[in-house]
Amino acid sequence: MTDAINRAEVDAIINRIGDKAEHLIPILQALQMHFHYLPDEALQRIAETTRIRPSDITGVATFYGQFRLQPAGSHTIKVCIGTACHVKGADTIYEAFKRHLGIAPDSDTDADRLFTVEKVACLGCCMLAPAVQIDDITYGHVQPPKVGDVLTDFLRAQNAQGADSPLSQISTPAGEVRLCLCSSCSAGGAEAVHNALLDQAQRLKLPVQLRTVGCAGASYQTPLIEVHMQDGRSFRYGRVEPKHVRNLLLRHFRPHQTSQRMRIAMQSLLNRIISDDAVSDPVTRYAIDVR
């Protein structure tokens with residue numbers, strides 16, 4: 001039994017995309033993104049309000065594997081069954097997720113509709129096999145006894161993203177610092193770097209936003225920081241430690257207040273006089289292409 005839907009939401013999607021036959025796949029994609037599946041009532045509404053024949057709507061919705069006709073969870077767990085992951089037990093990991101979530105053998109979604117578990121051909125990160133992706137967060141070297149820890153880590157990351165960071169309230173940021181807090185990165189010290197970023201940005205009153213992001217699949221370089229400036233420039237730093245954070249931030253961001261800039265300049269000068277360590281580069285940059 002499918003859920004009742006808001007027809008106005010369906011109409012808004014159709015009006016935004018168009019009502020001709022060539023618009024059918026984009027409409028279905030938008031509906032699935034909105035509802036997490038294609039409700040029968042939504043498909044009927046397409047037939048009522050567009051020039052597309054009902055048979056064409058049903059044919060496309062049932063032909064392509066990207067579309068699903070049954071309710072799905074808010075988050076999708078993709079278990080890679082590519083060759084590297086398959087030989088390392090991907091099928092047992094898939095079953096472990098279903099058991100942990102209490103999903104029936106003939107279903108793929110838990111009773112609370114929080115998670116949907118599915119198999120995918122390849123996630124493109126064979127070095128992390130067996131790999132699992134939940135929404136946009138990738139977990140590597142997953143084993144059946146650890147699926148509960150993976151889900152706990154994912155939900156914790158979601159809560160961290162949903163919480164307002166003190167840095168996200170800056171009205172005119174000069175750029176954004178992005179840091180992954182998945183289990184692999186946390187194990188590599190990302191949480192300590194995250195705390196150092198918050199502390200230093202607040203102490204120095206820097207115009208920067210901090211955002212936690214999904215895994216880039218480069219766990220061997222964790223903790224990994226990406227700096228994205230408003231002018232379009234971007235920088236990546238690998239194997240960052242908390243002691244590097246201050247210099248890293250000051251390399252890209254300056255306080256708006258002149259008095260704060262002068263204070264930082266004086267502190268930097270004193271550090272150079274007192275310690276030789278202060279003149280070294282904070283970290284090494286890495287050019288990363290995940291694929």
Report the C-alpha distance between Val10 and Thr49 in whole Å, list the side-chain angles of each, state the deciding distance to 0.1 Å, and finish with yes or no for side-chain contact (heavy atoms from CB on, under 4.5 Å).
CA-CA 10 Å; Val10 179; Thr49 59; 6.0 Å; no

Quick check for you: to the nearest 0.5 Å, what is the distance between [X] atom [atom1] and [Y] atom [atom2]?
{"X": "Leu197", "Y": "Gln202", "atom1": "CG", "atom2": "CD", "answer": "11.0 Å"}
{"X": "Gln209", "Y": "Phe253", "atom1": "CD", "atom2": "CZ", "answer": "9.5 Å"}
{"X": "Lys146", "Y": "Thr152", "atom1": "NZ", "atom2": "OG1", "answer": "11.0 Å"}
{"X": "Thr109", "Y": "Glu118", "atom1": "OG1", "atom2": "CD", "answer": "9.0 Å"}
{"X": "Phe67", "Y": "Leu38", "atom1": "CZ", "atom2": "CG", "answer": "6.5 Å"}
{"X": "Ile27", "Y": "Ile13", "atom1": "CD1", "atom2": "CD1", "answer": "9.0 Å"}

Just do the side-chain contact (heavy atoms from CB on, under 4.5 Å) check on Arg68 and Asp108 with the steps written out, would you?
CA-CA 11 Å; Arg68 58 180 293 129; Asp108 60 3; 3.0 Å; yes

Flag side-chain contact, heavy atom, 4.5 Å: [X] against [Y]:
{"X": "Leu248", "Y": "Val227", "answer": "yes"}
{"X": "Leu204", "Y": "Arg246", "answer": "yes"}
{"X": "Leu123", "Y": "Leu128", "answer": "no"}
{"X": "Leu114", "Y": "Leu101", "answer": "no"}
{"X": "Ile77", "Y": "Phe154", "answer": "no"}
{"X": "Pro223", "Y": "Glu241", "answer": "no"}

Smallest separation among heavy atoms of [X] and [Y], with atom names:
{"X": "Cys126", "Y": "Ala84", "value": "CB-CB, 4.1 Å"}
{"X": "Val79", "Y": "Ala90", "value": "CG1-O, 3.6 Å"}
{"X": "Ala61", "Y": "Leu69", "value": "CB-CD2, 4.3 Å"}
{"X": "Pro144", "Y": "Ile93", "value": "CD-CG1, 4.0 Å"}
{"X": "Ile17", "Y": "Ala30", "value": "CD1-CB, 3.7 Å"}
{"X": "Ala190", "Y": "Leu179", "value": "O-CD2, 3.6 Å"}

Results of ring-ring contact (aromatic ring centres under 6.0 Å, His included) for His23 - residues two or more places apart only:
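Partners of His23 by the ring-ring contact (aromatic ring centres under 6.0 Å, His included) criterion come out as none, since no residue qualifies.
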
Is [Y] reachable from [X] through a run of I, L, V, M, F, W or Y residues, each pair having side-chain heavy atoms under 4.5 Å apart?
{"X": "Met33", "Y": "Leu31", "answer": "no"}
{"X": "Val87", "Y": "Val132", "answer": "no"}
{"X": "Ile134", "Y": "Ile81", "answer": "no"}

Looking only at the side chains, is there a donor atom on one of Thr116 and Thr76 sitting less than 3.5 Å from an acceptor on the other?
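Result is no, nothing qualifies.
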
Whether the side chain of [X] engages the backbone of [Y] through a donor-acceptor N/O pair (distance < 3.5 Å, no angle test) should be reported.
{"X": "Ser107", "Y": "Ile103", "result": "no"}
{"X": "Gln32", "Y": "Gln66", "result": "yes"}
{"X": "His141", "Y": "Ala129", "result": "yes"}

Quick one: do Asp199 and Arg203 make a salt bridge, cutoff under 4.0 Å?
yes

Evaluation steps, side-chain contact (heavy atoms from CB on, under 4.5 Å), between Thr58 and Leu43:
CA-CA 8 Å; Thr58 303; Leu43 299 180; 5.7 Å; no

May I ask you to decide if the ring planes of Phe235 and Tyr237 are parallel, tilted or perpendicular, using 30° and 60° as cut-offs?
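Rings of Phe235 and Tyr237: parallel, as their planes differ by under 30°.
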
May I ask you to decide if the ring planes of Phe115 and His75 are parallel, tilted or perpendicular, using 30° and 60° as cut-offs?
tilted

Filter on side-chain hydrogen bond (donor to acceptor under 3.5 Å, both in side chains), then keep only pairs touching residues 84-106, sequence neighbours left out; what's left?
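Qualifying pairs, neighbours excluded: Asp91-Lys119.
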
In sequence, state the C-alpha distance, the side-chain angles, and the governing distance for Glu48 and Arg7, and then conclude on side-chain contact (heavy atoms from CB on, under 4.5 Å).
CA-CA 11 Å; Glu48 294 170 358; Arg7 290 193 169 197; 3.3 Å; yes

